[in-house]
Structure formats: structure tokens, C-alpha cells
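Below is one structure, written out as C-alpha cells; the observations come after it.
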Amino acid sequence: MCGIVGIVGKGPVNQSIYDALLVLQHRGQDAAGIVTSEGEKLHLRKDKGLVRDVFHTRHMINLRGNMGLGHVRYPTAGVSSSAEAQPFYVNSPYGIVLAHNGNLTNAEDLKRDLYAEDLRHLNTESDSEVLLNIFAHELQLQGKLRIDEQDIFNAVEGVHRRCRGGYAAVLMIPGFGVCGFRDPHGIRPVVYGKRESVSGIEYMIASESVALDALGFELISDIAPGEAVFIHADGQLYNKQCAEQPVLSPCIFEFVYFARPDSIIDNISVHKARLRMGKKLAAKIKREWKDQDIDVVIPVPETSRTAALQVANVLGIGFAEGFIKNRYIGRTFIMPGQKVRKKSVRQKLNAIDLEFRKKNVLLVDDSIVRGTTSQQIILMARDAGAKRVYFASAAPPVRYPNVYGIDMPAASELIAHGRSEDEICRLLGADGLIFQDLDDLIEAVQKKGKSDVDRFDTSVFDSEYVTGDVTVQYLNQLEQNRNDGVTESRSRQSETVIELYNTA
């Protein structure tokens with residue numbers, strides 16, 4: 001998962017892009033980058049680390065220009081490498097930089113085509129570089145010295161014809177403008193907005209509306225599936241539908257876990273969706289646990305808090321904050337290696353004994369992925385003196401890998417894969433376990449059928465991949481690429497290369 005931002009301003013944009021990336025930091029803590037356009041010249045700074053660590057005053061001073069892109073990332077192939085920090089740059093044609101959120105499911109085929117047919121060289125393993133070169137080749141086919149917005153849209157149409165998977169991207173051509181586009185299924189989110197400045201209207205494209213809010217931009221709209229929005233350097237905005245049969249199928253896991261609660265995605269409030277998830281979950285608890293003896297509902301910080309509060313309200317049970325979170329530890333399920341994840345859970349959370357002692361506790365989390373965090377949290381509750389520990393998930397069991405940009409583990413490392421709910425409960429060490437039903441989750445996010453969403457991508461729960469091109473062979477290869485052993489081996493290799501480079 002990544003966060004992207006693009007701004008066309010009337011003055012320097014470096015600080016605004018930096019501020020937007022801080023707001024989007026939850027979407028990736030592995031690397032960050034900013035590129036700005038000062039006329040025809042590009043200025044770039046990117047590296048591994050958090051936004052606050054990558055950019056210092058000396059870097060910000062050099063990021064001159066009224067137009068630019070920003071990116072925060074975590075690795076979607078299990079490898080943490082500064083070489084794959086974004087934005088990416090390609091020289092021909094015109095000079096293009098791109099920042100991308102998502103994953104191309106046909107990246108390997110595209111790599112072969114780029115080399116054999118388009119005669120283009122790739123320097124990394126990132127599918128974002130593939131996407132950039134596909135766009136660059138399609139733009140070069142226009143065969144013009146000076147391009148206009150229609151040429152940009154023609155190139156995006158070519159991207160949609162060739163690329164499969166989930167992708168939201170922003171790109172910039174120095175001195176010309178910024179373009180944002182979204183895959184024909186709208187799997188990954190991206191919005192755009194405007195604000196008035198003394199010198200005129202400025203535009204911003206970002207992964208989530210909260211980035212616009214924080215910088216005083218007014219939300220115009222989500223970029224529709226298959227749509228491209230182009231903002232000329234002089235401030236003129238153009239948009240066009242570039243896909244033949246777009247179908248709005250956003251990833252439902254954005255609403256469950258990834259997006260900030262104060263964001264609005266495809267005209268759906270993430271906060272209200274999570275409130276409805278809590279109500280649905282409580283209704284199921286009432287149906288299936290009629291003799292429940294729960295004394296207190298405690299959320300697993302932080303994305304589950306909204307749903308947990310609703311569970312407590314509907315059940316008429318007390319709600320308490322039983323865990324204190326260390327805000328300086330990243331999201332654990334995307335951390336590389338099982339040992340790191342187990343250690344980080346104890347560093348991330350600490351139990352307040354008084355909220356657990358001699359009580360039957362219902363812990364509510366947004367989802368259960370590997371189960372590592374859930375096991376540790378249940379053990380912490382018992383160590384804090386809980387009599388019985390029940391566990392509730394605001395999402396259904398995660399049984400299948402995500403292929404559209406969320407680096408979930410291999411299927412074999414998902415605790416729910418191939419197991420019944422009773423088996424999962426025993427592995428977690430809980431006294432009782434309950435999951436949200438998929439139909440209830442969809443209804444909760446869908447606003448009772450009032451949204452414009454055609455269908456959600458719910459593939460991590462039901463293995464129905466909306467792009468229709470995900471084969472057993474693809475999933476088997478994904479399994480090999482994502483298992484912890486491979487990930488840890490690649491991380492060690494990357495660290496060795498960096499160490500050798502630094503000592504050379």
C-alpha cells in the first residue's frame with residue numbers, strides 16, 4: 001500500500017507536498033519521495049524511511065518549483081530497498097516522473113513486452129517502473145514534439161488496454177502538467193480538489209481526501225475508474241474517461257483497515273462505514289452468543305475503536321480503553337519477518353491491568369490477518385488478569401492474499417486459510433471468536449445500497465478477484481514471493497548490498 005500526491009500550484013509546492021505526505025504516512029512507512037518541476041528542470045529527493053526522516057531543510061530548499069509529486073510506500077513484493085523508492089523517472093519522451101499505488105497483475109508479461117517490443121530498459125523489480133514505461137511508450141507513439149491534454153488521455157487509454165490489476169497513479173511532465181488516473185475497476189483510491197490562492201486556483205491529487213482537508217483544498221471528486229484528470233502547468237484542468245467498460249469496484253479492505261477514518265472514498269465516509277460495521281457485528285453477537293457473559297468491550301488500537309464503541313453501545317456493555325499504544329511503532333502485519341512482528345506487538349501495546357483484572361473481556365479488532373498480533377494481545381489480556389478473553393473481528397476471516405497492492409502474506413501464512421473458525425479460535429488462544437459476515441460487511445460499507453459502488457473487491461475474503469485474470473499459477477508464484485523465509489532472505493541480501501556500498 002502506498003500514498004500518492006500531486007500538486008499544481010501558483011507558488012512553491014515543496015512544503016505542501018511534504019505536509020500531505022505526513023497526513024498519508026499511514027499508507028506507507030518504508031520510503032518517501034518528492035519531485036518538483038522548476039520550469040523544465042526536475043528536483044528529486046527520495047530515500048528509505050519516514051517522511052520526517054527523509055526530508056531535512058537542505059533537501060526542502062532544493063525542491064524548487066510550482067508543481068510536484070510525492071509518494072510514501074511500503075514494499076509490495078516483500079523487499080525494502082531504497083532503489084525502489086518513488087517517484088520514478090524516465091527520460092524519454094519529454095521526461096516523465098510517476099508515483100503509483102497498487103499492483104499490476106500482468107507485470108511479468110509487460111516486462112517482456114517492454115524489452116522485446118518497446119525496446120525499453122527497466123532498472124528495478126518494481127511494477128511502478130513498468131507502469132511508467134508503458135505510459136511513456138504510449139505517449140511516444142503520439143509522435144509529436146509538442147503534446148496537449150488529448151495526447152495524455154490517449155496514452156492513458158493505452159495503459160488501460162495493456163495493464164491489469166489495481167493502480168492509482170500521478171505523473172508529471174516538467175513544464176507541462178500533472179496527470180492522475182485510476183484503473184478501470186477503481187480498486188485503489190484517488191481524489192482531487194482545489195483551493196483559492198492569492199495568485200489563482202491550485203489543484204491537488206491525492207490518495208485520500210484527508211490530505212486535501214489538511215491543506216485547505218476543497219474536494220471536487222474521486223477520480224472515477226478508468227478516468228484521467230490532467231492539470232496544465234498554467235492551472236487549466238481537463239478530465240476524460242479513458243476506459244471502455246469501467247466498473248467501480250473499490251477494495252473493501254480500505255474501509256476496514258487502511259484508510260484514515262476521516263477520509264471519504266467514493267463518496268463513502270470511512271468513519272461511518274466503521275460505525276455500521278460495529279452495529280452489524282453486535283447484531284451477530286446478539287444472535288449467536290445469547291448467553292454471553294461479557295463484562296467489558298475493549299478495542300485493539302486504533303482502527304477498531306469506532307466499531308468497538310458501537311459494539312458496546314448496541315450490546316449495552318461498558319467500553320474501556322485497555323491498551324496504551326506506542327505511536328512510534330509501525331503497522332505490524334506489514335512488517336517483514338515473524339520475529340520482528342512478535343517483538344513489535346509488545347513494544348506497540350501495553351495493557352492497563354485494572355481494565356482486565358477479574359473480567360470477561362471482549363476484544364474487538366478490525367481484522368485478523370496472520371494472527372500473530374491477535375495471539376499476543378490475547379495473551380497480554382490474560383497476563384493482565386482477565387478471567388475469560390473473547391475476540392471479535394469487524395471483518396470476515398482473511399483467507400486469501402491480496403494481489404492489488406496490499407502486501408498481505410502468502411496464503412499459507414494467513415491464520416484463516418484452510419481453517420474453520422473453531423480451529424482459528426484454538427490457535428489464537430481465545431475463549432470465543434466471532435467474525436463479521438461478508439454480506440454484513442458489504443452492506444455496512446455500501447450505505448444500505450446508496451453508494452455508486454457497482455461491487456467491492458472482497459477477494460481477501462472470498463477469492464473473487466475483480467479483474468478476472470488471477471490464475472492459480474499466479475497465486476502460486478505469489479506464495480513463493482511473499483512467504484516469510486523468502487522475505488527475510490531478500491531483506492538480508494538488501495542489507496548486505498547496502499553495507500558493502502557504504503563501506504566501499
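Computed from a predicted structure; not experimentally measured.
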Please check if atom NZ in Lys41 has more than 12 non-hydrogen atoms from other residues, nucleotides or ligands closer than 6.0 Å.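 Counting neighbours around NZ of Lys41, 12 or fewer heavy atoms of other residues, nucleotides or ligands fall under 6.0 Å, so no.
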Taking atom NZ of Lys111 as the centre, does the number of heavy atoms from other residues, nucleotides or ligands within less than 6.0 Å exceed 12?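 Yes, because the 6.0 Å sphere around NZ of Lys111 holds more than 12 heavy atoms from other groups.
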Below 3.5 Å, can you tabulate the donor-acceptor pairs from side chains in residues 49-57 to any protein atom, sequence neighbours excluded?
unit_1	atom_1	unit_2	atom_2	d
His56	ND1	Arg58	NH1	3.4
His56	NE2	Asp53	O	3.1

Do you know the tightest heavy-atom contact between [X] and [Y]?
X      : Y      : result
Gly33  : Lys46  : CA-CB, 3.6 Å
Pro250 : Val453 : CD-CG1, 3.7 Å
Val256 : Ala395 : CG1-CB, 3.9 Å
Ala136 : Val90  : CB-CG1, 3.9 Å
Glu321 : Pro299 : OE1-CG, 3.7 Å
Ala228 : Phe153 : O-CE2, 3.6 Å

Are the charged groups of [X] and [Y] less than 4.0 angstrom apart, N to O?
X      : Y      : value
Arg64  : Glu38  : yes
Arg162 : Glu138 : yes
Arg188 : Asp457 : no
Arg164 : Asp469 : no
Arg195 : Glu202 : yes

Under the side-chain contact (heavy atoms from CB on, under 4.5 Å) test against Ser209, which residue among Pro189, Ser269, Ser263 passes?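 Going through Pro189, Ser269, Ser263 one by one, the side-chain contact (heavy atoms from CB on, under 4.5 Å) with Ser209 is satisfied by Ser263 alone.
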Note, [X] side chain near [Y] side chain (heavy atom, < 4.5 Å):
X      : Y      : value
Leu110 : Ile134 : yes
Asn62  : Arg45  : no
Val170 : Cys179 : no
Leu24  : Glu208 : yes
Phe253 : Phe258 : yes
Glu196 : Lys10  : no
Ile205 : Val5   : no
Asp262 : Val270 : no

Applying side-chain contact (heavy atoms from CB on, under 4.5 Å), run through Asp183 and Cys163 and close with a yes or a no. CA-CA 9 Å; Asp183 72 82; Cys163 296; over 6 Å; no
Backbone N or O of [Y] within a donor-acceptor pair of the [X] side chain at under 3.5 Å?
X      : Y      : value
Gln376 : Thr372 : no
Asn402 : Tyr404 : yes
Lys325 : Pro301 : no
Thr306 : Leu275 : no
Gln25  : Leu22  : no
Ser221 : Ile223 : no
Gln86  : His100 : yes
Asp151 : Asp148 : yes
Asn103 : Val403 : yes
Arg27  : Cys2   : yes

Given the rule in the side-chain contact (heavy atoms from CB on, under 4.5 Å) test, do Leu131 and Val159 qualify, once you have shown the distances and angles that lead to the verdict? CA-CA 8 Å; Leu131 184 66; Val159 169; 3.7 Å; yes
Rounded to the nearest 0.5 Å, what's the gap from [atom1] on [X] to [atom2] on [Y]? Could you check?
X      : Y      : atom1 : atom2 : result
Gln375 : Arg370 : CD    : CZ    : 12.0 Å
Ile17  : Met67  : CD1   : CE    : 10.0 Å
Leu309 : Arg274 : CG    : CZ    : 14.0 Å
Ser459 : Met408 : OG    : CE    : 8.5 Å
Asn101 : Ser128 : CG    : OG    : 8.5 Å
Tyr192 : Met204 : OH    : CE    : 15.0 Å

Worked check of salt bridge (Lys or Arg N to Asp or Glu O under 4.0 Å) between Asp266 and Arg182: CA-CA 12 Å; Asp266 293 313; Arg182 194 177 183 191; 3.0 Å; yes
Testing the 3.5 Å rule here: is there a donor-acceptor pair between the side chains of [X] and [Y]?
X      : Y      : result
Gln480 : Asn476 : no
Asn239 : Glu227 : yes
Arg120 : Gln140 : yes
Thr303 : Asp366 : yes
Thr124 : Glu129 : yes
His59  : Tyr18  : no

Could I get the full list of ring pair (Phe, Tyr, Trp, His ring centres under 6.0 Å) partners for His137, not counting sequence neighbours?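 With sequence neighbours excluded, His137 shows a ring pair (Phe, Tyr, Trp, His ring centres under 6.0 Å) to no residue whatsoever.
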Do Lys240 and Glu157 pass the salt bridge (Lys or Arg N to Asp or Glu O under 4.0 Å) test, and can you show the C-alpha distance, the side-chain angles, and the key distance before you say yes or no? CA-CA 10 Å; Lys240 183 181 179 182; Glu157 288 175 5; 3.4 Å; yes
Output, in order, the C-alpha distance, side-chain angles, deciding distance and verdict of side-chain contact (heavy atoms from CB on, under 4.5 Å) for Ile34 and Leu44. CA-CA 6 Å; Ile34 294 176; Leu44 172 66; over 6 Å; no
With salt bridge (Lys or Arg N to Asp or Glu O under 4.0 Å) as the criterion, how do Arg112 and Glu117 come out once you've worked through the C-alpha distance, each side chain's angles and the decisive distance to 0.1 Å? CA-CA 8 Å; Arg112 289 192 292 270; Glu117 298 178 14; over 6 Å; no
Output, in order, the C-alpha distance, side-chain angles, deciding distance and verdict of side-chain contact (heavy atoms from CB on, under 4.5 Å) for Val13 and Thr36. CA-CA 8 Å; Val13 296; Thr36 57; 4.3 Å; yes
Which label fits His232 and Phe230: parallel for a plane angle under 30°, tilted from 30 to 60°, or perpendicular past 60°?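 Judged by the thresholds at 30° and 60°, the geometry between His232 and Phe230 is perpendicular.
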